[in-house]
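The structure's right below; bear with me while I get my questions together.
None of the values given here were measured: they were computed from a predicted structure. Throughout, protein chains are lettered first and strands after them, A, B, ... in sequence-line order, and every chain is numbered starting at 1. All values below come from the heavy atoms of this structure, side chains included, with hydrogens, waters and symmetry mates left out.
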There are 2 protein chains.
Amino acid sequence: MSKNVDIKRAKILEVAKRRFAHFGMAKTTMAEIAKDLSFSKALLYYYFPDKNSLYTAVLEYVINEMINKVDTYLLKAVSVERAILFAIESRMELMRENYNLFEYSTSLFMQNPGEMGKSLGPFFDRVRDQFVRILDQGVRQGEIIVDDIEETAELLLFSLMGMRTGILSKDLNDCLFPTPGEFELILSKQKKMVSIFIRGLRA
Amino acid sequence: MSKNVDIKRAKILEVAKRRFAHFGMAKTTMAEIAKDLSFSKALLYYYFPDKNSLYTAVLEYVINEMINKVDTYLLKAVSVERAILFAIESRMELMRENYNLFEYSTSLFMQNPGEMGKSLGPFFDRVRDQFVRILDQGVRQGEIIVDDIEETAELLLFSLMGMRTGILSKDLNDCLFPTPGEFELILSKQKKMVSIFIRGLRA
DNA sequence: GTGCTGACTAATTCTTTTAAAAATTCAAAA
DNA sequence: TTTTGAATTTTTAAAAGAATTAGTCAGCAC
């Protein structure tokens, strides 16, 4: 009866996601999640070994949704630029909707990359791999020329990340994570970045 | 007798630079700097209103050197790409030589952008303005076509910053600031980034 | 008056302690 | 196998105090 187990796992994930997205990892206790579900706290530990695992499971769940959505879009065989733009818009939307969920993971990178970093790394790779697919598609269609696709995808990702950190350090908000208002600005910079990344500046 | 005053200011700057570059801002006390100089602590406050001012003065001093060096290079009217490469190599060298000096300023951005951010912002602008000059020169020479030079310079700077944060978050070092070994990797990514920034991927 | 100092004050950082809260485990029931 | 209440261990939070360090000031010397 692994069916029932899966359903329960999904329920937990769903409730935990809501809590994490709203209050963040730090301000959410296992007891609260259990209460929301009318489960016992101990049951959560039956399904997930610890809080971090639950958190990363939620993260994975949410990121998968996004990745899949973008992959679906890619089937339409649009231009590389449109594909990338769709990807970064989707990502931005995701982060806006699950604000505190990502806020925590971001601030983690800063303080204690060793421990949590290992579990966050894979998600990073997922996004990069999607860029690889996008670029690959563009190369196939003769739209772009890329030497090392893997590395170029990473470069693209890094440069887009740079827009975020750049904006954040200029704005002097309390750093770490963009305020809702900054999302728009970051996205707009990223769009311009994509354009240059594809076309270059050369006359 | 403002001559003598300037000399003394310079001496303080020199000693403070050494201390800051070696031990960082946090682990350097005003008393230590004074002792190195055989001055009284109070005298430091005669020349600099507070520790932060001294720190930023050192930063300014060091950054000016670098900016000027690059500006000199620019007189040779090389290609945009060469100019940018020279600029980022110079910057990298500077950071390597004054390791802890920048380590502090970087980690500041994270924690308390409000207070210190104001004094760090101008340096950021200095670097960006230099990129503006470089791009401008390229446009004049018909080498590149740029819509909004100011913004493009910022985009370039942000994307290069992204290489750093990208590498750092992947490597899972104790973050904030690159280890000596990572400098090379970052620089190599930045070089590739510059190439794409100028040429684009388009077939 | 300008440049300088020693002694003083104020702010900050660094422990240490303790209490509370939250994570995690476990024996046993359903 | 799934679930729980209660016990246990870890983390976090706040408070208090000591110690270090930043910053001030009245006055000396030139």
- In whole angstroms, how far is the P atom of D/dT4 from the CG atom of A/Leu43?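 My rounded result for the distance is 5 Å.
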- When the C1' atoms of the five terminal pairs at each end define the local axes, what inter-axis angle does the helix from C/dG1-D/dC30 to C/dA30-D/dT1 show, to 10 degrees?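 Here the local axes at opposite ends form an angle of 30°.
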- Query: What class does the angle between the rings of A/Tyr55 and A/Phe20 fall in, given that below 30° is parallel, 30 to 60° is tilted and above 60° is perpendicular?
  - Reply: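 Ring orientation, 0 to 90° scale: perpendicular.
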- Query: Passes side-chain contact (heavy atoms from CB on, under 4.5 Å), B/Lys192 versus A/Leu155? Steps please.
  - Reply: CA-CA 8 Å; B/Lys192 284 168 188 155; A/Leu155 246 46; 3.7 Å; yes
- Quick one: do A/Leu13 and A/Leu54 satisfy side-chain contact (heavy atoms from CB on, under 4.5 Å)? Show the steps, please. CA-CA 7 Å; A/Leu13 239 35; A/Leu54 177 55; 4.0 Å; yes
- Should the pair A/Phe158 and A/Phe124 be assigned to parallel (<30°), tilted (30 to 60°) or perpendicular (>60°) ring geometry?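 Judged by the thresholds at 30° and 60°, the geometry between A/Phe158 and A/Phe124 is tilted.
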- Task: Carefully, step by step, assess B/Glu89 and B/Gln190 under the rule side-chain contact (heavy atoms from CB on, under 4.5 Å).
- Result: CA-CA 10 Å; B/Glu89 275 165 8; B/Gln190 287 183 335; over 6 Å; no
- Is there a donor-acceptor pair closer than 3.5 Å between any side-chain N or O of A/Thr56 and the backbone N or O of A/Asn52?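 Yes, the answer is positive, given that a donor and an acceptor are paired below the 3.5 Å cut-off.
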- Query: Quick one: are A/Lys189 and B/Glu154 in side-chain contact, heavy atoms under 4.5 Å?
  - Reply: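 Yes, close enough: below the 4.5 Å cut-off.
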- Would you sort out whether B/Ile196 and B/Leu201 count as a side-chain contact (heavy atoms from CB on, under 4.5 Å), showing the intermediate values? CA-CA 7 Å; B/Ile196 290 178; B/Leu201 298 179; 4.1 Å; yes
- Query: What heavy-atom pair brings B/Leu187 and B/Met92 nearest, and what distance separates the two atoms?
  - Reply: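 The pair with the smallest heavy-atom distance is N-CE, 3.7 Å.
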- Item | Base-contact (B) and sugar-phosphate-only (S) positions in nucleotides 9-15 of chain C, heavy-atom cut-off under 4.0 Å, - elsewhere | -------
- Message: Can you see if the side chain of B/Tyr46 gets near the phosphate of C/dG3 - specifically, an N or O under 4.0 Å from OP1 or OP2?
- Response: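 For C/dG3, OP1/OP2 do have a side-chain N/O of B/Tyr46 under 4.0 Å.
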- Task: Would you check if the side chain of B/Asn98 reaches a backbone N or O of B/Leu101 as a donor-acceptor pair within less than 3.5 Å?
- Result: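 Looks like no, no N/O pair under 3.5 Å.
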- Item | Atom pair distance, as rounded to whole Å: CG in B/Asp6 and P in C/dG3 |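 It is 10 Å, rounded to the nearest whole Å.
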- Distance in angstrom units between B/Leu44 CG and C/dG6 C1', rounded: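 My rounded result for the distance is 14 Å.
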- B/Tyr47 side chain: which of C/dT5, D/dT3, C/dG3 is closest?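 For the B/Tyr47 side chain, the nearest candidate turns out to be C/dG3.
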- Task: Using atom types as modelled and distance alone, determine if a side-chain donor or acceptor of B/Ser53 lies under 3.5 Å from a backbone N or O of B/Pro49.
- Result: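 Checking the backbone N and O of B/Pro49 against the side chain of B/Ser53, no donor-acceptor pair under 3.5 Å is found.
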Do any N or O atoms of the protein come closer than 3.5 Å to N or O atoms of nucleotides 20-26 of chain C, and which pairs are they?
from: C/dA23; atom 1: OP1; to: A/Lys51; atom 2: NZ; distance (Å): 2.8
from: C/dA23; atom 1: OP2; to: A/Met30; atom 2: N; distance (Å): 2.9
from: C/dT24; atom 1: OP2; to: A/Tyr45; atom 2: OH; distance (Å): 3.1
from: C/dT24; atom 1: OP2; to: A/Lys51; atom 2: N; distance (Å): 2.9
from: C/dT24; atom 1: O4; to: A/Lys41; atom 2: NZ; distance (Å): 2.9

- Query: Whole-Å distance between D/dT3 C1' and A/Leu37 CG?
  - Reply: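 Between C1' of D/dT3 and CG of A/Leu37: 14 Å.
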- Look at all strands and tell whether B/Phe48 reaches a base, only sugar-phosphate, or nothing, counting heavy atoms closer than 4.0 Å.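 If one applies the 4.0 Å heavy-atom cut-off, B/Phe48 turns out to touch nothing in the nucleic acid.
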